[in-house]
Amino acid sequence: MSYPYQDRFEQYLVRKMLALTTITSYRHDLNDFFNYLRHFNFNYQEKPSVNLLQESDIRDYLSMLLIKRSAKYSTYNKVLSHLNRYFEYLFHENLIRSLPTLTLTGKQNFKPLIDSLNWSDKLESLLANNDLSFYTRLTLLLCAHFYPINEFLQPNFYTVLKKEKLNNFESNFMLQFHTFIQPLQQKQNTADIFLKQRFDPLSPQLTSPALHKYLKSDEPKCDFLLGPQKLYQNAVCQYLANHQHASDNELILKLRLTPPSLNYYRQLNWRFKDSKEKFD
C-alpha cells in the first residue's frame with residue numbers, strides 16, 4: 001500500500017538526483033510509518049489525512065522504534081531525517097499547513113549544527129582562505145546573501161549577482177574569482193559562474209552533485225558542515241536571530257522569502273535556539 005503523495009514525493013527525490021537505493025530507503029520508512037498509523041493510531045484510523053498529523057503522532061512512532069523494535073540511534077535518526085524531508089516537501093508544496101516534525105531532534109549531539117549556525121559571521125576570513133576552492137568560497141558568499149543552491153546554479157544567475165550589493169572584502173574576492181573563472185567562461189563560451197572543467201557546449205553549467213564534490217573535499221578544512229542547504233538555512237536563521245525587531249516586510253524583502261517561508265524559518269530558528277540552550 002502506498003503512502004500519501006508517494007509519486008509526487010519520489011519524483012521530487014529523483015529531481016534531487018538521489019540514488020535509487022536512497023529513494024527505496026525513503027519508500028520503506030514512509031510505508032512503515034503510515035502502516036503503523038493505519039494499525040495503531042486511532043486518530044489516523046478515524047481521519048486518515050496527512051494534514052491532520054501532529055508532533056505527538058510522529059513522536060509515538062519514533063518511540064515505538066526505540067522501545068519495541070530496539071532500533072539503534074542511527075536508524076532512529078535516519079527515519080526522522082526521512083520523515084522530516086517528506087513533511088518539508090509537503091509543506092513547501094502547500095499540501096499541509098504545518099510541520100509535525102519541526103521540533104523533533106535526533107538522538108545525537110547537535111553541537112556541530114549549532115556551531116555552524118554563525119558561520120556567516122566568519123565570511124571575511126573564509127573568503128580570504130586560499131585553501132578553499134573558489135567554488136566553495138563563492139557558495140559561502142551566495143548563501144550568506146540568502147541565495148539557495150537551486151537558484152545560484154541556474155544559467156544566467158550572474159545577471160542577478162551583478163545587482164547584489166557587496167562590501168569591500170566580498171568585492172575583493174569577486175575580483176579574484178573573475179580572474180579564476182574567466183578562462184573557463186571563454187572555454188565554455190558563457191558568462192555563467194559555476195562551470196564544468198571539461199568542454200560541454202550543450203550544458204556547460206556545473207551540476208549540483210559536482211558542486212557537492214568540491215564542498216565535500218573542502219569540508220575537513222572548515223569547522224562546520226558545507227552542505228549548501230544547511231549553509232543557506234543557517235544564514236537565514238542567523239539573520240533572523242540578529243534582527244528580531246525587523247518587520248515582516250523588511251525580512252521578506254531582505255531574505256527574499258514568502259510569508260509562509262518566513263514563518264517556517266522563524267520556527268526553525270527557535271528550534272536551533274532551544275537546541276543550543278541544551279548544550280550551554
> Considering only heavy atoms from C-beta outward, does the side chain of Phe173 approach that of Leu166 to under 4.5 Å?
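Contact flag for Phe173/Leu166 side chains = no.
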> Side chains of Asn43 and Asp57 only: does a donor on one sit below 3.5 Å from an acceptor on the other?
no
> Any heavy-atom pair between the side chains of Pro201 and Asn189 that's under 4.5 Å?
no
> Is the ring pair Phe224/Trp119 parallel, tilted or perpendicular, if the boundaries are 30 and 60 degrees?
parallel
> Is the gap between the ring centers of Tyr147 and Tyr232 under 6.0 Å?
no
> Do Ser25 and Lys78 touch side chain to side chain, with heavy atoms closer than 4.5 Å?
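Yes; the side chains approach each other to less than 4.5 Å.
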> Using a distance-only test with no angle check, is there a side-chain donor-acceptor pair under 3.5 angstrom linking His145 and Glu170?
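Yes, side-chain donor-acceptor contact under 3.5 Å.
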> If we count only N and O atoms by modelled type, under 3.5 Å, do the side chains of Tyr3 and Asn35 hold a donor and an acceptor together?
no
> Taking atom types as modelled, find out whether Asn150 and Arg15 have a side-chain donor-acceptor pair closer than 3.5 angstrom.
no
> How about Ser2 and Arg27: do any of their side-chain heavy atoms sit closer than 4.5 Å?
no
> Does the side chain of Asn51 come under 3.5 Å of the side chain of Ser49 through a donor N or O and an acceptor N or O?
no
> Hey, does the side chain of Glu55 reach the backbone of Thr101 with a donor-acceptor pair shorter than 3.5 angstrom?
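The answer is no, because no donor-acceptor pair under 3.5 Å joins these two groups.
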> With Arg198, which residues qualify under salt bridge (charged side-chain N to carboxylate O under 4.0 Å, His left out), at least two apart?
Asp200
> Aromatic rings His243 and Tyr239: how do their planes relate, parallel, tilted or perpendicular, breaks at 30° and 60°?
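Geometry flag for Tyr239 against His243: parallel rings.
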> For a quick test of reading the model, state the closest non-hydrogen atom pair linking Ala71 to Leu66 and the distance between them.
O-CD2, 3.5 Å
> Verify salt bridge (Lys or Arg N to Asp or Glu O under 4.0 Å) between Arg85 and Glu88, making sure each step is shown before the conclusion.
CA-CA 5 Å; Arg85 188 165 192 174; Glu88 282 186 353; over 6 Å; no
> Are Phe40 and Leu52 connected in the hydrophobic side-chain network, where two residues link if heavy atoms are under 4.5 Å apart?
no
> If only atom types and distance count, is the side chain of Glu219 paired as donor or acceptor with the main-chain N or O of Leu225 below 3.5 Å?
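Checked: no pair found.
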> Apply side-chain hydrogen bond (donor to acceptor under 3.5 Å, both in side chains) to the pair Arg266 and Asn263, showing each step before the final yes or no.
CA-CA 5 Å; Arg266 274 189 171 135; Asn263 182 56; 6.0 Å; no
> May I have the step-by-step check of side chain to side chain contact (heavy atoms under 4.5 Å, CB included) for Thr136 and Leu211, ending in yes or no?
CA-CA 8 Å; Thr136 291; Leu211 177 59; 6.0 Å; no
> Using a 3.5 Å distance criterion without hydrogens, assess whether the side chain of Thr139 forms a donor-acceptor pair with backbone atoms of Tyr135.
yes
> Pairing donors with acceptors under 3.5 angstrom, does anything connect the side chains of Thr258 and Ser261?
yes
> Given 3.5 Å as the limit, does a donor-acceptor pair link the side chain of Gln45 with the main chain of Arg38, or not?
yes
> Does the side chain of Glu93 pick up a donor-acceptor pair with the side chain of Tyr12 at under 3.5 Å?
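The answer is no; no qualifying pair exists.
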> Treating Arg137 as the side-chain partner and Ala128 as the backbone partner, does any N or O pair qualify as donor plus acceptor under 3.5 Å?
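Not at all, since once roles are kept as given, no pair shorter than 3.5 Å links the two residues.
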> Any donor-acceptor pair under 3.5 Å linking the side chain of Ser81 with the backbone of Asn77?
no
> Would you say Leu255 and Leu240 make side-chain contact, with heavy atoms under 4.5 Å?
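They are in contact (side-chain heavy atoms under 4.5 Å apart), so the answer is yes.
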> Just wondering, do Leu104 and Leu83 contact through their side chains at under 4.5 Å, heavy atoms?
no
> Under the 3.5 angstrom rule, does the side chain of Lys221 hit a backbone N or O of Leu132 as a donor-acceptor pair?
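A pair under 3.5 Å: no.
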> Determine whether Leu195 and Val160 fall in the same hydrophobic cluster, where Ile, Leu, Val, Met, Phe, Trp and Tyr are linked whenever their side-chain heavy atoms lie under 4.5 Å apart.
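In one cluster: yes.
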> What closest approach, in Å, do Leu153 and Ser208 show between heavy atoms, and which atom pair accounts for it?
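The answer is CD1-CA, 3.6 Å.
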> Could you give the distance from NE2 (His212) to OG1 (Thr207), rounded to the nearest 0.5 Å?
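Going from the NE2 atom of His212 to the OG1 atom of Thr207 covers 10.0 Å.
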> Hey, what do you get for CG (Leu18) to CD (Glu10), rounding to the nearest 0.5 Å?
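That separation rounds to 11.0 Å.
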> According to a 4.5 Å side-chain heavy-atom criterion applied to Ile, Leu, Val, Met, Phe, Trp and Tyr, with indirect links allowed, do Tyr264 and Leu253 form part of one hydrophobic cluster?
no
> Side chains of Leu80 and Leu62: closer than 4.5 Å at any heavy-atom pair?
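They are in side-chain contact.
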> So His82 and Phe87, side chain to side chain contact (heavy atoms under 4.5 Å, CB included) or not? Walk me through it.
CA-CA 9 Å; His82 288 177; Phe87 285 113; over 6 Å; no
> Does a side chain donor of either Thr24 or Thr21 reach within less than 3.5 Å of an acceptor in the other side chain?
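There is no such pair (donor and acceptor under 3.5 Å, judged by atom type) between the side chains of Thr24 and Thr21.
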> Apply the ring pair (Phe, Tyr, Trp, His ring centres under 6.0 Å) test between Tyr86 and each candidate in Phe33, Phe91, Phe9, Tyr5; give the one that qualifies.
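Output: one option passes, namely Phe9.
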> Considering non-hydrogen atoms only, spot the tightest contact between Leu184 and Lys196 and give its length.
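What the structure gives for the nearest pair is CD2-O, 3.4 Å.
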> Does a donor on one side chain and an acceptor on the other come within less than 3.5 Å for Gln185 and Asp192?
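Absent: no donor and acceptor within the cut-off.
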> Can you tell me how far the OH atom of Tyr26 sits from the CG atom of Asn31, to the nearest 0.5 Å?
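Spacing of OH (Tyr26) from CG (Asn31) equals 14.5 Å.
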> For the rings on Phe134 and Phe194, is their centre-to-centre separation under 6.0 Å?
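No, they do not, as the ring centres are separated by 6.0 Å or more.
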> Is Met17 reachable from Leu215 through a run of I, L, V, M, F, W or Y residues, each pair having side-chain heavy atoms under 4.5 Å apart?
no
> Less than 6.0 angstrom from the centroid, inside 45 degrees of the normal: does Arg8 satisfy that with respect to the ring of Tyr89?
no
> Please report the closest heavy-atom contact between Ile181 and Ile193, naming both atoms and the distance.
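Where Ile181 meets Ile193 most closely, the heavy atoms are CD1-O, 3.6 Å.
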> Quick check against the 3.5 Å criterion: does Asp32 have a side-chain atom that pairs as donor or acceptor with the backbone of His28?
no
> Contact between Phe34 and Val50 at the side-chain level, heavy atoms closer than 4.5 Å - yes or no?
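They are in side-chain contact.
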> Hey, what do you get for CG (Leu102) to CD1 (Ile58), rounding to the nearest 0.5 Å?
12.0 Å
> So, taking the atom named CG in Leu142 and the one named CG in Leu161, what distance separates them when rounded to the nearest 0.5 Å?
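Atom-to-atom, Leu142:CG and Leu161:CG are 6.0 Å apart.
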> Might you point out which heavy atoms bring Cys143 and Ala235 nearest each other, and give the distance in Å?
O-CB, 3.4 Å
> Any chance you could lay out the side chain to side chain contact (heavy atoms under 4.5 Å, CB included) test for Tyr214 and Leu206, step after step, and finish with the verdict?
CA-CA 11 Å; Tyr214 283 97; Leu206 198 71; 4.2 Å; yes
> Walk me through whether Asp248 and Leu262 qualify under side chain to side chain contact (heavy atoms under 4.5 Å, CB included).
CA-CA 8 Å; Asp248 284 5; Leu262 176 60; 4.1 Å; yes
> Could you tell me whether the side chain of Thr159 and the main chain of Asn156 form a donor-acceptor pair under 3.5 Å?
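The answer is yes, because a donor-acceptor pair under 3.5 Å joins these two groups.
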> Which heavy atom of Glu124 sits nearest a heavy atom of Phe169, and at what distance?
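In terms of heavy atoms, the two residues are closest at CA-CE1, 3.4 Å.
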> Given Asp218 and Lys213, is the salt bridge (Lys or Arg N to Asp or Glu O under 4.0 Å) satisfied, shown in steps?
CA-CA 9 Å; Asp218 281 337; Lys213 289 182 180 179; over 6 Å; no
